[in-house]
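Scroll down for the structure; my scribbles are underneath it.
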Amino acid sequence: MCATKEFLADMTFLDIAFTGGSVFDGSGAAPIRTDVGVIGEKIVTVGIDEVNALIGEHTRVVDLNGKMLLPGIIDAHVHPIEAGLERLGCDLSELWTRAEYLDAIRSYVTSHPDTEWILGGGWQMAAFAEGFPLAADLDAICDDRPMAISNRDHHSTWVNTEALRRAGITRETPDPVDGTIERDEHGNPTGTLHEGARMLVLGLAPDPSREFMYEALMSAQSYLHAFGITAWQDALLGDYGNHSSEEVYVYREALERGDLKARVNGAIWWDRTRGEEQIPELESVISDFQEGDFKLTTVKIMQDGVVENRTAAMSAPYLKNGCNCGEAADTGISFIERESLHRIATHFDRTGVQLHFHAIGDRGVAECIDAVAAAREVNGDTGRTHQIAHLQLVHPDDLPRFAEHRVAANMQPLWASYDPQMVELNVPLIGDDRVNWQYPFQSILSRGGQLVAGSDWPVTTADPWLCMHVAVNRQHPTQHPDHNERVFVPGERLTLGEALRAYTRGGAEINGWRDDLGEIAPGFTADLVVVDRDPFALPVSEISQTRTVETFSRGRSVYRADN
């Protein structure tokens, strides 16, 4: 591929030449042997002879021998500030067992004697009996300061008795309409709060300062750059959890100070406790951020919860007692009623705002597709692609509707395995008949649907190669704590090219960067990553071992491995 004429007209010598290795261009096809040349912020030429002719005395030549060059990875669903705050707080995300969690919490409490509220996150539900930790465990560590530690998916929070006391939560406290309080046989709260019930405690916790949030963003950005991630959609900006829409202005400050070295699209939170009267407020904020490296083009709507706490919206009831015995529990929660969801979708589709839905249960997924279909019926084709994240269960009848209504599937591939949460918590609640409905990535793609990929970090790791490993193998690598010998719904496996395209070109398309990011071609921005191997040339069992050597944002090196 030659340089375009407009670039050649003013071209001198290259600033950077990537030579001698494999290049994945973002198309989904296997990498090819070629060279790539960069001047300033742009890729200007692709081709061995073309690049060689433009290498000058001051050109930095990056030898790709044995390595691979690819477009900067785009995480289409991530929460960097929230993740950064957890990294700076009581962080349990790298641990796996109840004993490890308690040791880490005890250490944090001891080392922070003047911190009034002990806040953090990262525990997995499978580490506890029935998935729900107890206040008594936290009370044994600290009983005079409130403690609130969210689980990995941030749909449940572990609290101590002091936190329950401050929130006034007793056996007489009713469950909120959008959440539940775990209780013992006498109705007393036991220490785990789900969905909206979390906010009874988290709403009392102090908001982090803007300075602390800024530090969290910088920590998160460095972490993401180390994985080759150069752009992302921040999938929740607003009043959810224990911080506010200050996040938007943290991003603006980072941009103005020159510290934001990534392309970011933000999704403003739809407050499910309010109604359509909030639309003008959201539009006012969105209108202020339409240009530059940080923009707001998306509204985030959480339509249901998660399976493990029985709040994901299901078309058929959850099972009781861990068996397919016909004893119905409930069918979860739809946070926004059907007619309102249709009106919201129709309005934002008409005004050019993208919708980013959270939907886990098959009823929740269908409700979101129905809302987009209703918008298309009223508005016609506005050219806007909307998206649904997570998609744990999709009814087979809905698989072709992603392509039919141009709804992108925003997948979190790491979850598609027989990990302990799936085995111990999810399968007993949904039953064997619905297991094969889960994370149907290949079924959506083969029917013409669009795949994009995100990590949902800090829910799970931001490591895209571990995520792609699971997308391709449908199991964790053998050395991973969650490895299981069984392959999870093997018919839904992706090829490595399909998974990597979702993480590059797919992310660019869904975030409005189609003509600038996600591809290695002349004229595209030089957001590039060098990894230590060509994973296409190795067994798929080794995908997760891929490591970043160097990350470039707009042609500037923003991360380089120590070795």
Side-chain angles (χ1 to χ4, degrees), residues 75 77-98 100-112 115-125 127 133 138 141-142 145-160 163 192-194 198-199 201-227 229 232-247 250-251 254 264 269 306 412 414-415 421 454-463 466-467:
D75 192 319
H77 187 111
V78 67
H79 308 285
I81 294 179
E82 185 172 47
L85 290 171
E86 285 194 4
R87 283 167 63 84
L88 299 173
C90 186
D91 181 17
L92 308 181
S93 62
E94 300 297 323
L95 307 176
W96 299 93
T97 68
R98 171 181 172 274
E100 289 175 329
Y101 297 151
L102 294 176
D103 285 345
I105 295 168
R106 186 176 296 106
S107 176
Y108 183 86
V109 169
T110 301
S111 62
H112 293 78
T115 300
E116 180 188 4
W117 279 78
I118 306 301
L119 303 173
W123 53 273
Q124 62 165 342
M125 298 182 76
L138 295 181
I141 296 172
C142 181
R145 289 184 278 169
M147 306 174 73
I149 303 175
S150 295
N151 73 332
R152 292 184 180 181
D153 63 23
H154 289 249
H155 289 265
S156 302
T157 298
W158 183 10
V159 298
N160 67 349
T192 304
L193 309 175
H194 304 300
R198 302 169 63 235
M199 301 314 300
V201 167
L202 292 177
L204 303 176
D207 287 337
S209 68
R210 185 179 291 188
E211 293 75 16
F212 193 47
M213 292 172 73
Y214 195 96
E215 182 183 356
L217 175 59
M218 292 298 100
S219 173
Q221 178 176 250
S222 296
Y223 183 82
L224 294 171
H225 282 160
F227 285 124
I229 297 166
W232 59 80
Q233 180 167 132
D234 191 316
L236 199 165
L237 297 172
D239 293 319
Y240 178 77
N242 64 332
H243 47 84
S244 70
S245 54
E246 281 286 296
E247 293 167 315
V250 170
Y251 272 113
V264 180
W269 172 248
V306 294
Q412 284 60 61
L414 191 69
W415 305 352
Q421 185 159 296
S455 64
D456 208 12
W457 182 58
V459 173
T460 44
T461 178
D463 182 352
L466 181 55
C467 292

What's the spacing between [X] [atom1] and [Y] [atom2] if we round to 0.5 Å?
| X | Y | atom1 | atom2 | result |
| --- | --- | --- | --- | --- |
| Tyr214 | Ser219 | OH | OG | 13.5 Å |
| Asp207 | Glu246 | CG | CD | 8.5 Å |
| Leu92 | Ile149 | CG | CD1 | 5.5 Å |
| Ser93 | Glu86 | OG | CD | 7.0 Å |
| Glu82 | Leu217 | CD | CG | 13.0 Å |
| Asp75 | Asp463 | CG | CG | 11.0 Å |

### Tyr101/Trp158 aromatic ring centres below 6.0 Å
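Ring centres of Trp158 and Tyr101 not closer than 6.0 Å.
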### Nearest atoms (heavy-atom pairs only) where Pro80 meets Ala220
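For Pro80 and Ala220, the tightest heavy-atom pair comes out as O-CB, 3.2 Å.
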### Message
Please give me the minimum heavy-atom distance between Ala254 and Met218, naming the atom from each residue.
### Response
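Scanning both residues, the minimum pair turns out to be CB-CE, 4.0 Å.
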### Query
So which of Thr157, Asn151, Leu95, Thr97 actually passes side chain to side chain contact (heavy atoms under 4.5 Å, CB included) with Trp123?
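It is Asn151; the other options fail the test.
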### Query
What's the verdict on side-chain contact (heavy atoms from CB on, under 4.5 Å) for Leu237 and Tyr251, showing C-alpha distance, side-chain angles and the deciding distance?
CA-CA 10 Å; Leu237 297 172; Tyr251 272 113; 4.0 Å; yes
Treating [X] as the side-chain partner and [Y] as the backbone partner, does any N or O pair qualify as donor plus acceptor under 3.5 Å?
| X | Y | answer |
| --- | --- | --- |
| Thr460 | Trp457 | no |
| Gln124 | Trp96 | yes |
| Ser156 | His194 | no |
| Arg198 | His154 | yes |
| Thr110 | Arg106 | yes |

### Message
Ala235: which residues meet the side-chain contact (heavy atoms from CB on, under 4.5 Å) condition with it, sequence neighbours left out?
### Response
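For Ala235 the side-chain contact (heavy atoms from CB on, under 4.5 Å) partners, ignoring immediate neighbours, are His77, His79, Lys300, His356.
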### Arg145: partners by side-chain contact (heavy atoms from CB on, under 4.5 Å), with sequence neighbours left out
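Expected list: Val109, Thr115, Ile118, Cys142.
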Taking C-beta and beyond as the side chain, do [X] and [Y] meet within less than 4.5 Å on heavy atoms?
| X | Y | value |
| --- | --- | --- |
| Trp117 | Val201 | yes |
| Pro146 | Val159 | no |
| Leu88 | Glu215 | yes |

### Message
Can you list everything that forms a salt bridge (charged side-chain N to carboxylate O under 4.0 Å, His left out) with Glu116? Sequence neighbours excluded, please.
### Response
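For Glu116 the salt bridge (charged side-chain N to carboxylate O under 4.0 Å, His left out) partners, ignoring immediate neighbours, are Arg166.
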### Task
Please assess Cys90 against Ile105 for the test side-chain contact (heavy atoms from CB on, under 4.5 Å), listing each intermediate value before the final yes or no.
CA-CA 7 Å; Cys90 186; Ile105 295 168; 3.9 Å; yes
